Engineer: 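Please read through the structure below; I'll follow up with questions.
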Amino acid sequence: MLAVVLCLIIIWLFIIQAKLMELSDTLKELKTHIIKDKLNSNLETVKANTYDNYKNNIQETEEQPLIENITEEIVPSAAEQKLPEYIENKLKDKTEKSFENIFLGNVFNKVGALAILIGLIILIKIVSPYFVFTPELKITLGYLAGIVMTIWALKIHYKENLKNFSEVLLGTGFGAMFISTYCASALFNLFNMPVTITVATALLLAAFYLADKLKTVSMLVISLIAAYINPIFFNSEFTVFPDFMFGYFIFINLLSIIFTYRNSSRSIINTINLCITFLASLIYCKDINIAGPIILWASYITYDMITRKISGSDKILNYLNFFVFIGILLNIYPDEHKIIGYCAIGCTFVYALITYLIKSDREVFKNYLQMTFIAALIFVYFICENDPSIRCYIWTAEAVILCYFAYRYRFKIPAAWAVGVWGAAYCSMLPVDGVFAIKNISGFVPVWNIRLAMFAPVIISSAVSYLFLKKSDKKSLLNLSEFFNFACITSIYLYIGLELNNIINFYYMGINTSSQFISNMTNSILGFVYTVNLKRFQKTISDSYSIISVIAFLTGISALTILIFSGSHYKPIDAYIPLINIRTAAFLSGVAASILYAKWTQKQIFKYFAIILGFIFVHYEIVDVISKYVITNGSYLVSLSWILYSGIVTAVGIIKNKNYLKNCGIGLCILSIIRIFLYDLANIDMFYKFIAILSLGIILMILSYLYNKKIK
């Protein structure tokens, strides 16, 4: 954890440095443009004055000398011509040296300052026992080193070339005084707690004052780093004062807030400072009073309210502030989540009040409205943590309310949040026994069960939300309404599929093995119907919703795979009735889905799917007829069914002039011919060979006659 905190501190330092370098480069570029504009302006002035002189004195001088004079005055000197080029060359040199400037001129001195601070701590804590120095002398030397560095830094600060170095040196001096203060308190017991707090407060206030007056962020950053580093090295002494430690962290954040209020361009300090406070509180502030996190959260809310008219509301800081507040509460109350829920509802009311008071400021209003929804979501989660069904009911009702307000006030944010809340309600059903899985099928009650109790509010919520948003004339709300339409359809089919599977398993339990076969066929039917509904849904909204098309296609492929591999043999064969069975319904569903898909997508390939699926169905049916009725030498019936099916398809294609029917029929006829000549002639009796070949010849002749008649 120590390494993590130190890494975050160093990253913080680099971010601040990058921001300062960016600002510095911008100022240099602005200065260059000002110089160029000034040179051009002077040159134009010279030209204008020269031309006026020429008009006034044209009678007094000879033409040729005057022209030469004008030429000399209008054309700039060599030095004037090269000055802009010189500036550009200097900028180019600075660009080429920017890499070494970043490290040698800026980063290295800050890392060096950080190393000095850590080195002083190690020196005082580890090396000091080997030297005969009294504690008072050690602390005095520490303060003296800090004061000397501070005075030296203030003295050279006004020298332009040493300004950056002086800022780092100033921060290092304050860091040394911080370390000396906490060493005097934690190691040598020279200062009691009130004195330590007083001295540390005075140092932080002085650091803030100088940083604000000198407009330098480097020394403030280093001082804050020193303030965070001390508890890391003296954690054993400070764990007994968790409330004091968190109060100390609040004080650091308050200084950061005040500084960024006066220097709004440095607001990034607050974000990173709050992150470090959160990590440090996880280590040192596990057992603290709840008032501390509330004060920290309220401080940043107050800061945002004060600065929103100056620099705008900081969205990232607002979100971070709330989640840091919840995270600290989780660290304090790991097993008492209802307290966190009560705090979340308190935050909800505060955010809602702010939202109402600042409704004239549109952007800030949106920000705090979303914070209100987040806090309300967290409240429901923690209050109903042990009862996911209640959580589902609350969230489904909340989704409807949000959609109503979105429709009523034509505002997208509540509707967008309604989607998230509805999704959270859906996910809350997952752990409830009996919704997606049943541990004991013998205790299952059809229809009137926990599944209906959980799916009903979700389906009703999505349907009502769809009806509200569908009435809107705003396009964004209409798009969100289609999500609820999609969700409603999906939930209905999912419920039907789950319920039918449980009903089948319940009634066929222990009787025979047909329950799995019937479930697979049922799933195929539902899959095809759901696929068709999804495609219809996509056609009603827009063809641009490709994700829905992908889901529909994958669902159809899954249903087709289950149908083909599970429907090859009817189980049990004793329950099989030719054509009047659940497999027939499943195959007909697949054929109908393929035809509708072909119609809506204008793609012929789905028509080919329908013909091939029908062919597979005929094959399965005739095979099961042979199996159930134990027909000897029945393989010729398979060939006969193949040639009859292919002949019918080809004939219809010729009569209706449908190329896909003719192509499929011809392909299946070829397949039938191959089967008859390669399989049937070698494996069946002569009489059945005669029937197969005669049937093939008759059908092929009929097809040829129909085709030639159609051509004529």
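A quick note: this is a predicted structure, and the numbers were derived from the prediction, not measured. Hydrogens, waters and symmetry mates are skipped; everything else that's a heavy atom, side chains included, is used.
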Engineer: Measure the spacing between CZ of R583 and OG of S524 and express it to the nearest 0.5 Å.
Structural biologist: 12.0 Å
Engineer: So for atom NZ, which belongs to K315, do other residues, nucleotides or ligands contribute more than 12 heavy atoms lying within a distance under 6.0 Å?
Structural biologist: no
Engineer: What's the verdict on side-chain contact (heavy atoms from CB on, under 4.5 Å) for I301 and Y351, showing C-alpha distance, side-chain angles and the deciding distance?
Structural biologist: CA-CA 9 Å; I301 292 292; Y351 289 137; 3.5 Å; yes
Engineer: Let me confirm one number: the OG1-CG distance from T372 to L377, rounded to the nearest 0.5 Å.
Structural biologist: 12.5 Å
Engineer: Applying side-chain contact (heavy atoms from CB on, under 4.5 Å), can you list everything that pairs with Y381, at least two apart in sequence or on another chain?
Structural biologist: R391, W395
Engineer: Without placing hydrogens or testing angles, list every side-chain donor-acceptor pair under 3.5 Å for residues 608-620, not counting sequence neighbours.
Structural biologist:
{"residue": "Y608", "atom": "OH", "partner": "N663", "partner atom": "ND2", "Å": "3.1"}
{"residue": "H619", "atom": "ND1", "partner": "W642", "partner atom": "NE1", "Å": "3.2"}
{"residue": "Y620", "atom": "OH", "partner": "I564", "partner atom": "O", "Å": "2.8"}

Engineer: Does I573 CD1 have over 12 foreign heavy atoms under 6.0 Å away?
Structural biologist: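 Yes, because the 6.0 Å sphere around CD1 of I573 holds more than 12 heavy atoms from other groups.
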Engineer: Which atoms form the tightest heavy-atom contact between N270 and I257, and what is the distance?
Structural biologist: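 Scanning both residues, the minimum pair turns out to be OD1-N, 3.6 Å.
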Engineer: Is it true that the side chains of Q604 and N659 contain a donor and an acceptor less than 3.5 Å apart?
Structural biologist: no
Engineer: Quick check: closest heavy atoms across S481 and K470, and the distance to 0.1 Å?
Structural biologist: CB-N, 3.8 Å
Engineer: Under 3.5 Å, is there a donor-acceptor pair between the side chain of N523 and the main chain of S519?
Structural biologist: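 It does hold such a pair.
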Engineer: Return the CD1 to CD1 distance between I378 and I383, rounded to the nearest 0.5 Å.
Structural biologist: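 Atom-to-atom, I378:CD1 and I383:CD1 are 12.0 Å apart.
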Engineer: Output all residues satisfying salt bridge (charged side-chain N to carboxylate O under 4.0 Å, His left out) with E398, sequence neighbours left out; order by chain, then residue number.
Structural biologist: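 Salt bridge (charged side-chain N to carboxylate O under 4.0 Å, His left out) list for E398, sorted by chain: empty.
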Engineer: Nearest 0.5 Å, what's the CG-OG distance between N253 and S299?
Structural biologist: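 Between N253 CG and S299 OG, I get 8.0 Å after rounding to 0.5 Å.
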Engineer: Looking at Y466 versus F484, is the centre-to-centre ring distance below 6.0 Å?
Structural biologist: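 They do not qualify: ring centres at least 6.0 Å apart.
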Engineer: Quick one: pull up CD1 in I496 and CZ in F455 and give me the separation to the nearest 0.5 Å.
Structural biologist: 10.5 Å
Engineer: Is there a donor-acceptor contact under 3.5 Å linking the side chains of K662 and N657?
Structural biologist: yes
Engineer: Within a radius of less than 6.0 Å around NZ of K412, do more than 12 heavy atoms belonging to other residues, nucleotides or ligands occur?
Structural biologist: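 Result for NZ/K412: open.
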Engineer: Please test D314 against Y300 for side-chain contact (heavy atoms from CB on, under 4.5 Å), starting from the C-alpha separation and ending with a verdict.
Structural biologist: CA-CA 10 Å; D314 192 336; Y300 279 100; over 6 Å; no
Engineer: Are Y570 and F517 near enough that their ring centres are under 6.0 Å apart?
Structural biologist: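 Ring centroids of Y570 and F517 are less than 6.0 Å from each other.
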Engineer: Which heavy atom in C403 sits nearest to a heavy atom in L469, and how many Å separate them?
Structural biologist: O-CD2, 3.7 Å
Engineer: Show the atom names and distances, to 0.1 Å, of all donor-acceptor pairs under 3.5 Å that link a side chain in residues 363-371 to residues at least two apart or in another chain.
Structural biologist:
{"residue": "N367", "atom": "ND2", "partner": "S313", "partner atom": "OG", "Å": "2.9"}
{"residue": "Y368", "atom": "OH", "partner": "D304", "partner atom": "OD2", "Å": "2.6"}
{"residue": "Q370", "atom": "OE1", "partner": "W417", "partner atom": "NE1", "Å": "3.2"}

Engineer: Could I get the full list of ring pair (Phe, Tyr, Trp, His ring centres under 6.0 Å) partners for Y493, not counting sequence neighbours?
Structural biologist: Y530
Engineer: What heavy-atom pair brings I525 and A585 nearest, and what distance separates the two atoms?
Structural biologist: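 Closest approach of I525 to A585: CD1-CB, 4.0 Å.
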Engineer: Any chance you could measure T355, atom OG1, to F373, atom CZ, to the nearest 0.5 Å?
Structural biologist: 8.0 Å
Engineer: How about Y495: does its OH atom have over 12 heavy atoms from other parts shown lying under 6.0 Å from it?
Structural biologist: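 More than 12 heavy atoms, drawn from other residues, nucleotides or ligands, come within 6.0 Å of this atom.
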Engineer: Which pairs pass side chain to side chain donor-acceptor pair (under 3.5 Å) with one or both residues in residues 325-338, sequence neighbours excluded?
Structural biologist: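 Residue pairs passing side chain to side chain donor-acceptor pair (under 3.5 Å), neighbours aside: H337-E385.
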Engineer: Is atom OH of Y356 surrounded by more than 12 heavy atoms (other residues, nucleotides or ligands) closer than 6.0 Å?
Structural biologist: no
Engineer: Does any non-hydrogen side-chain atom of K607 lie less than 4.5 Å from one of L661?
Structural biologist: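 They are not in contact (no side-chain heavy atoms under 4.5 Å apart), so the answer is no.
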Engineer: Counting only heavy atoms not in I316, do more than 12 fall under 6.0 Å of its CD1?
Structural biologist: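 No, not enclosed.
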Engineer: Could you walk me through whether W422 and V400 pass the side-chain contact (heavy atoms from CB on, under 4.5 Å) test, one step at a time?
Structural biologist: CA-CA 9 Å; W422 186 91; V400 172; over 6 Å; no
Engineer: Taking NZ, NE, NH1 and NH2 as the nitrogens, is one of them in D473 or R410 under 4.0 Å from a carboxylate oxygen of the other?
Structural biologist: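 Yes, charged N to carboxylate O under 4.0 Å.
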Engineer: Between N581 and T584, is there a side-chain donor-acceptor contact under 3.5 Å, judged purely by atom types and distance?
Structural biologist: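 Yes, because at least one side-chain N or O of T584 sits under 3.5 Å from a partner of the opposite role on N581.
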Engineer: Taking all non-hydrogen atoms of both residues, which atom of V623 and which atom of V638 are closest, and how far apart?
Structural biologist: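 Smallest interatomic distance, heavy atoms only, reads CG2-CG2, 4.2 Å.
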Engineer: Is it the case that the side chain of T348 and the backbone of A376 share a donor-acceptor pair, with hydrogens and angles ignored and the cut-off at 3.5 Å?
Structural biologist: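 Checking the backbone N and O of A376 against the side chain of T348, a donor-acceptor pair under 3.5 Å is found.
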